[in-house]
Amino acid sequence: MMRALMVALPPDMPSLFDTLRFDNTFLAELPGDPDTGARRREVRGALWSRVTPTPVAAPRTLAVSREMAATLGLRDDDVASETFAQVFAGNALLPGMDPFATNYGGHQFGHWAGQLGDGRAISLGETVNATGDRWELQLKGAGATPYSRSADGRAVLRSSIREFLCSEAMHHLGVPTTRALSLVATGEDVVRDMFYDGHPKPEPGAVVCRAAPSFLRFGHFELPSSRGEVDLLRQLTDFAIRRDFPHLAGSGEALYADWFAEVCTRTARLMAEWMRVGFVHGVMNTDNLSILGLTIDYGPYGWIDAYDPEWTPNTTDAGGRRYRFGWQPAVARWNLVRLAQAISPLFAGGEALQAGIDAFGGAYTVADRDNTARKLGLAECRDDDVALIRDLHGSMQEAEVDMTLWFRALMDVDIDAPTLKPLEESFYDPAKREAHGAQFDDWLQRYAARLREDTLSAADRRERMRLANPKYVLRNYLAQEVIDRAEAGDAAGIGELLEAMRRPYDDIPVGGRADSERYAAKRPDWARDRAGCSMLSCSS
Ligand code: AMP
Ligand code: MG
């Protein structure tokens with residue numbers, strides 16, 4: 001039943017694997033590369049290449065998302081099986097799987113980079129689950145593809161842990177994202193020069209299985225367009241609308257216009273969500289933006305500890321800070337303009353594309369104002385509330401205030417006698433706290449006065465704030481602690497941290513675990529300047 005690539009499979013194939021049904025529409029409906037295998041090449045006139053994962057020495061499942069497994073209809077004994085580890089390390093294929101890598105280009109750090117493609121992502125196939133939802137399953141780190149260029153197609157354990165955990169943490173926060181099913185250690189080393197300083201060293205390797213309704217990126221549209229392959233561009237656009245935006249009706253240019261406008265509004269809403277929770281992607285190149293408005297490609301991302309719109313987690317970005325926290329909405333818009341240019345051959349004029357870009361601005365403003373109202377506990381965001389939160393952000397930046405702790409504790413402020421007392425824990429530096437104390441007191445007076453004018457009851461306000469201001473986010477240092485433990489041979493921390501991130505808006509420590517509170521703690525001093533906690537390298 002199972003097609004083994006190289007290794008012999010154990011006789012424990014769980015029956016439920018039979019329920020994963022694949023229809024692989026991307027392969028069935030779009031032109032592919034006649035050539036197969038991983039020989040590096042330029043692929044023209046085609047959107048994908050067949051390529052099998054490269055088997056690894058000793059697959060071992062380190063972590064599984066129980067929600068994602070359940071969504072796919074997998075049972076506990078399925079995910080615990082040896083077969084699961086073999087399949088999701090890329091050593092074996094289930095019936096119906098037909099692995100491929102896709103072809104895309106992209107603008108990297110503002111410059112057109114030509115063909116990029118899935119250099120270390122190999123899709124196993126598209127499965128449709130019991131409720132009719134489509135999930136493409138894609139291995140990251142499963143070996144070379146035609147698009148690997150000079151690299152090896154592999155991924156190290158540390159970056160795989162980060163992708164696995166953050167995909168699921170974002171999902172639980174309610175932020176649109178690609179998902180992660182599993183994290184499997186390969187039992188093989190991968191050589192990486194983590195600091196790009198001429199000291200490469202072997203690190204443990206791993207494979208993440210990601211899942212999404214679609215992994216289409218802006219760059220998928222840019223590449224055929226850049227080559228003048230307008231028929232291919234049109235085929236891809238028609239396919240994307242049919243498969244990924246089935247609710248859109250109509251035809252011709254009007255349909256393309258509606259589709260582009262929806263891509264713009266989804267992207268706007270995603271940006272507002274990143275800003276709400278303090279997520280910094282770190283590499284917002286056009287090949288890393290999803291057509292569905294999902295967070296995609298977790299690399300040197302980071303979470304805001306002390307509020308700072310200037311912060312970028314990515315060492316490669318340290319010079320220009322193009323991908324800094326506060327700049328993300330503007331970069332998304334820039335990327336949408338690149339997408340608009342790419343699909344412009346499908347339009348007679350530029351009006352519809354400009355309308356889409358304008359829709360981005362409108363949708364972002366609406367979503368951002370809604371977040372302001374929710375984060376501050378207001379029934380609605382008035383014009384003067386925009387200034388209220390802007391002033392707060394300014395003070396938080398100057399005084400080095402933890403974003404997550406501050407907004408979470410804000411609901412504990414007594415509006416009849418507002419003080420900084422419930423908020424003390426969110427300060428990192430006592431001297432800065434002292435220097436800005438009066439400024440914050442003034443702000444709290446303004447805020448309390450505003451709340452007294454608002455229509456929400458105290459209980460409703462509290463609930464609104466609780467659901468907008470997470471208590472648990474995947475702080476950089478928390479992920480790094482888990483990585484340190486896993487690299488030392490103890491992978492249990494991955495599941496523990498995932499558990500803590502499962503209900504990020506709840507007050508009660510997750511699952512009643514005694515040590516859960518510590519997952520809500522601010523960044524400790526040791527983590528301030530440590531690699532992996534404050535800055536991250538792209539080397540992964
Ligand atoms: P990223 O900036 O990580 O999204 O990657 C940009 C491009 O480099 C994509 O085409 C990736 O597939 C490719 N890439 C990154 N790392 C590797 C690797 N280890 N092996 C092959 N291709 C890679
Ligand atoms: Mg990428």
Side-chain angles (χ1 to χ4, degrees), residues 37-43 47-49 51 53-54 56 90 99-123 136 138-160 162-163 166-167 177-178 180 186 188-194 196 200-208 210 212 214-223 226 280-292 294-302 312-317 322-323 331 335 338 536-540:
R39 187 182 57 77
R40 314 299 196 268
R41 55 190 180 268
E42 284 263 298
V43 177
L47 291 157
W48 51 268
S49 305
V51 60
T54 307
V56 297
F100 61 98
T102 71
N103 193 9
Y104 57 79
H107 279 83
Q108 298 185 315
F109 293 92
H111 304 284
W112 175 243
Q115 177 181 304
L116 297 167
D118 290 323
R120 57 166 165 181
I122 299 180
S123 281
E136 182 170 337
Q138 185 179 81
L139 302 183
K140 185 164 174 181
T145 78
Y147 309 100
S148 299
R149 295 175 289 157
S150 59
D152 57 7
R154 292 296 184 193
V156 292
L157 177 61
R158 61 182 155 81
S159 61
S160 304
R162 286 168 47 82
E163 171 132 23
C166 203
S167 304
T177 180
T178 63
T186 59
E188 290 179 4
D189 282 345
V190 179
V191 176
R192 288 287 182 272
D193 186 358
M194 182 170 168
Y196 300 118
K201 66 168 184 134
E203 298 186 49
V207 176
V208 170
R210 337 191 254 198
S214 167
F215 285 98
L216 280 176
R217 303 142 187 274
F218 292 8
H220 278 107
F221 298 83
E222 288 181 277
L223 184 62
S226 75
V280 194
H281 183 284
V283 208
M284 288 178 67
N285 294 331
T286 55
D287 50 304
N288 290 339
L289 261 85
S290 143
I291 217 77
L292 276 183
L294 308 172
T295 312
I296 191 171
D297 275 11
Y298 292 90
Y301 69 82
T312 176
N314 182 355
T315 48
T316 310
D317 190 34
R322 181 181 177 87
Y323 298 138
V331 173
N335 287 346
R338 302 286 84 71
L536 287 128
S537 144
C538 264
S539 158
S540 56

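When reading the values below, keep in mind they use all heavy atoms of this one structure, side chains included, and skip hydrogens, waters and symmetry mates. Atoms within each ligand, like the ligands themselves, are counted from 1 in listed order.
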Item to check | Residue pair Asp297, Arg210: steps toward the salt bridge (Lys or Arg N to Asp or Glu O under 4.0 Å) verdict | outcome: CA-CA 10 Å; Asp297 275 11; Arg210 337 191 254 198; 2.7 Å; yes
Next on the checklist: Working note: Ser290 + Leu292, criterion side-chain contact (heavy atoms from CB on, under 4.5 Å); need CA distance, chi angles, decisive distance, verdict.
Outcome noted: CA-CA 5 Å; Ser290 143; Leu292 276 183; 3.6 Å; yes
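Among Glu222, Arg338, Arg217, His220, the single residue meeting the side chain to side chain donor-acceptor pair (under 3.5 Å) criterion with Thr286 is Glu222.
Considering only non-hydrogen protein atoms, atom 20 (N) of ligand 1 sits nearest to Gly153 N, 2.8 Å. Atom 10 (O) of ligand 1 has Gly117 O, 2.7 Å as its closest protein atom, hydrogens excluded (heavy atom only). The protein heavy-atom contact nearest to atom 15 (C) of ligand 1 is Arg120 NE, 3.8 Å.
Not a single N/O/S atom of Asn285, whether from backbone or side chain, sits less than 2.8 Å from the Mg ion (ligand 2). With a cut-off of 2.8 Å, the Mg ion (ligand 2) has no N, O or S atom of Asp287 in range.
At a 3.5 angstrom cut-off on N or O pairs, Ala151 does not count as close to ligand 1.
Between Asp118 and Gln138, some side-chain heavy-atom pair lies under the 4.5 Å cut-off. For the pair Leu157 and Glu203, the minimum side-chain heavy-atom distance is 4.5 Å or more. Residues Thr186 and Val207 have side chains in contact (heavy-atom distance under 4.5 Å, counting atoms from C-beta outward).
Atoms CZ and OG1, on Arg41 and Thr145 in that order, are 8.5 Å from each other to the nearest 0.5 Å. Taken to the nearest 0.5 Å, the CZ atom of Phe218 stands 11.0 Å off from the CG atom of Asn288.
By heavy-atom distance, the residue among Arg40, Lys140, Arg149, Arg192 lying nearest atom 7 (C) of ligand 1 is Arg149. Comparing heavy-atom distances from atom 22 (N) of ligand 1 across Ser159, Gly119, Ser150, Gly299 singles out Gly119 as nearest.
Using modelled atom types, one finds a donor on one side chain and an acceptor on the other under 3.5 Å when comparing Thr177 with Tyr298.
Counting heavy atoms under 4.0 Å from ligand 1, residue Arg154 touches it through the backbone alone. Heavy atoms of Asn288 found under 4.0 angstrom from ligand 1 belong exclusively to the side chain. When non-hydrogen atoms are compared, ligand 1 lies under 4.0 Å from the backbone of Leu116 as well as from its side chain.
Rounding to 10°, one obtains 80° for the angle at the Mg ion (ligand 2) between OD2 (Asp297) and OD1 (Asn288).
Below 4.0 Å from some heavy atom of Asp297 lie the following atoms of ligand 1, by number and element: 4 (O). Listed by number with element, the atoms of ligand 1 under 4.0 angstrom from any heavy atom of Gln108 are 6 (C).
The cationic atom of Arg322 (NZ for Lys, CZ for Arg) does not lie both less than 6.0 Å from the six-membered ring centre of Phe109 and within 45° of the ring axis.
By the definition of a contact as any protein heavy atom under 4.0 Å away, atom 5 (O) of ligand 1 is not in contact.
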